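Presented below is the structure to which this report refers.
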Amino acid sequence: MKIRPQTVFGFLVFLFFGLVIWGAWGWPVKAKLYPLVIGIPMLAMAAFHLAMDLREGSGKKISSPASDDLPAAIPADIQFTKEIDPVIARRRTLDIFAWIFGFVLAAWLVGLSWTIPPFVFLYLKVKSGEGWPLSIALTGAVWLLYWGLFDQVLHLPLPEGKIHSWLGS
Amino acid sequence: MIEAAISGLLQVLSWPAFGFLLIGGGIGFVVGILPGLGGLTTLALMLPFAYAIQEPISAFCFLLGMHAITGTTGDITSILFGIPGEGTSAATIMDGYPMTKNGQAGRALGAALMSSLVAGLEGALILAISIPIMRPLVLFFGAPELFMLTILGITFLATLSSASLSKGILAGGIGLAVSAVGIENHTGTLRYTMGSIYLWEGLSLAPVVVGLFAIPEIVDLAVRGSSIAESRVEKISGVMEGVKDTFRHFWLTMRCGMIGVLVGAVPGVGGGVSQWMAYAHAVQSSKDQRRFGKGAVEGVLGPGAANNSKEGGNLIPTVAFGVPGTTGMAILLGAFLIVGLTPGPDMLTKHLDVTLAMVWILVISNVLAAGVAFLFLSQLVKLTFVRGNLLIPFLVVFVFLGAFAANNDFADIVVALVFGVLGYFMVLFGWPRAPFVLGLVLGRLAERYLGISLGAYGTDWLLQPTIVVMTVILLGTVSYSVYKRMRTGGQVVEGGVEPE
């Protein structure tokens, strides 16, 4: 039987509620009441959901809702673009996550102030292939907005990067 | 109440509150037009600013002003390009886009904007009228009823925001469980803190919401890789004709506005549904139904009206009971807690001026949005050609700066990243995010109400008549949802549904 990615996600949710209950078990009654009131029925529901998902994965056909069923047929959340070739979509997804993780890692290492301008410029110039003038202008605009709003108006105390601490500065 | 209404108006018009209204409105205006950037994402992105603003009316001027306007301007891209600027603007496409193809773009835009304005004012008026009616009801409710209401709210949202009932309820459950992180007030027990001092205070709403909503949208923008509006629109004319259409079909506009208010006031049903219901009403009440889908102006007036009036309706359960009707209101509910307000009885007594200020914010932002849109329509359309690639670095920077602004702690950035990844997988696998946010927002309140109920009544409160009625409603909602899915799909349907 092929395990589908959504089944793995469903299993992680099941595991999450298992951990919620397991973590709360030894606490005083007042502390564990709420987590258990939530955790126990949710664990049961997660198990039911997982069972349904496994059943569906094993080949049992699940029908779609009727299109005239108005409230159920209108998604209340966004749906990812489906017009793009899945292989390209997957590559672009990994690509953008790499940029996002790279941003956070750089912010941790050298601080937000030193990360923002190079990140914006590199994304525009290297990743998007924009021209020099536009890349420089937009980098300047982001920096100006960041400096004006977060530094001058909100006085946000942005942390130094870990490298600064390691170097003892 | 009149005194509180005047006080609310003066506070909205005072400085810096009015300045925040203009800034929030300006952001909402642009965001509503841009198809790649949702109003919800922006609301989530801007939520951390509530920490910096702190003063409740200024914070609501900024956030509610922005939220109220995105729906109005979202209709512009629906009409011109057949692509909803907002998820809730989809029904306007049905006849708005055919009108554009028939060379009546200006008329459709005029009709959508004017009907939005008229119905937006209607929604605000109904919200104001409903306050004295809701007050005795809300004051009658004690901790057991309020606890049940939080559970009911999450269940409503869970049953209607996903094709899969179990996914909706589980998403709400995850939010409720995550809200338990931190020190338990009575015993001092550290719950799920994993040895981290940062988690002692629990997870801050802002970094969670910012990550959960903004990062999946950034990923989708990157995957699409281009601007959505690819076709150019010729000169826009005939706008005044559309304005006149609103008054030619005035009662249709008012009825659809009322549909927006009523549907918006039902927790969990959401803005998209009210627009479609208004569209259905416009079709059903027409003598010649064959015109619809081919460019009937009534098909623009109906959804345009409901799209804006629903905000007034949405605010009724949010303010009075702390049970938001939509994801946007769930995020806005977070703003209540950030600025130190608790939705419920206090909002209709002690903080009545703040509640009435919200009515004024809706009125003023609707008038401003319609006025500016009429003046700069042709120029605004050009915004839709901004490429996604140019927006992404801006968004990434502001997601993490916004998250950091919550507590000035780098851990907030990590939290935003973690919940961004979670949000991505939730969207990918069709798990609705709205019940999760609602669970997180209402979790602490639910625990407090549960504790008070058990402390005051033991388990006897479970047999109180109001609780029994609410339990029946809860079970009825879940049973009906299961029945409906079984009827439409043979059994409980798992997996997402295709967008309309």
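Proteins come first, then strands; the chains are lettered A, B, ... in the order of their sequence lines, and each starts at number 1. This structure is a prediction, so every number in the text was calculated from the model and none was measured.
- The two residues Gly173(B) and Ile38(A) come nearest to each other via the heavy atoms O-CG2, 3.8 Å.
- Of all heavy-atom pairs between Val104(A) and Phe410(B), the closest is O-CZ, 3.7 Å.
- For the pair Arg191(B) and Pro35(A), the tightest heavy-atom approach, listed with the atom from each and the gap, is NH1-CD, 3.8 Å.
- In plain terms, the two heavy atoms of Ile84(A) and Arg224(B) that are nearest each other are CD1-O, 4.1 Å.
- Nearest heavy-atom pair across Lys30(A) and His186(B) is CD-CB, 3.9 Å.
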Original post:
When you look at Tyr192(B) and Leu19(A), which way does the side-chain contact (heavy atoms from CB on, under 4.5 Å) test go after all the steps?
Top reply: CA-CA 10 Å; Tyr192(B) 313 115; Leu19(A) 288 171; over 6 Å; no

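- Annotation: maximal heavy-atom pairing with chain A below 4.5 Å, among Ile218(B), Ile392(B), Ile215(B), Val414(B), occurs at Ile392(B).
- Summarising the local packing, CH2 of Trp99(A) is surrounded by more than 12 heavy atoms from other residues, nucleotides or ligands at distances under 6.0 Å.
- Counting all heavy atoms, side chain and backbone alike, Ala177(B) lies closest to Phe17(A) at CB-CE2, 4.3 Å.
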Original post:
Would Val421(B) and Phe101(A) satisfy side-chain contact (heavy atoms from CB on, under 4.5 Å), going step by step from the backbone distance to the final call?
Top reply: CA-CA 10 Å; Val421(B) 174; Phe101(A) 274 89; 4.0 Å; yes

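- Remark: side-chain polar atoms of Tyr34(A) are paired, donor with acceptor, to backbone N or O of Leu176(B) under 3.5 angstrom.
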**OP:** Kindly indicate, with the supporting measurements, whether the criterion side-chain contact (heavy atoms from CB on, under 4.5 Å) is fulfilled by Ile169(B) and Met42(A).
**Re:** CA-CA 8 Å; Ile169(B) 293 177; Met42(A) 287 298 122; 3.5 Å; yes

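- Counting heavy-atom pairs under 4.5 Å between each of Leu450(B), Leu401(B), Leu454(B), Val219(B) and chain A puts Leu401(B) at the top.
- Across Ala24(A), Ala141(A), Pro5(A), the residue that shares the most heavy-atom pairs under 4.5 angstrom with chain B is Pro5(A).
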Original post:
Yes or no on side-chain contact (heavy atoms from CB on, under 4.5 Å) for Leu170(B) and Phe14(A), after CA distance, side-chain angles and deciding distance?
Top reply: CA-CA 9 Å; Leu170(B) 284 169; Phe14(A) 174 77; over 6 Å; no

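- The side chain to side chain contact (heavy atoms under 4.5 Å, CB included) with Val396(B) is formed by just one residue from the set Ile116(A), Val142(A), Ile100(A); it is Ile100(A).
- Contact count against chain B (heavy-atom pairs under 4.5 Å) is highest for Ala46(A) among Ala46(A), Ala89(A), Gly23(A).
- If you tally non-hydrogen atom pairs under 4.5 Å between each of Val397(B), Asn185(B), Val399(B) and chain A, the highest count goes to Val397(B).
- Considering only heavy-atom pairs separated by less than 4.5 Å from chain A, the leading option among Ala180(B), Ala446(B), Gly188(B), Gly443(B) is Gly443(B).
- Taking the six-membered ring where tryptophan is involved, the planes of Phe9(A) and Phe429(B) are tilted, since the angle between them lies from 30° to 60°.
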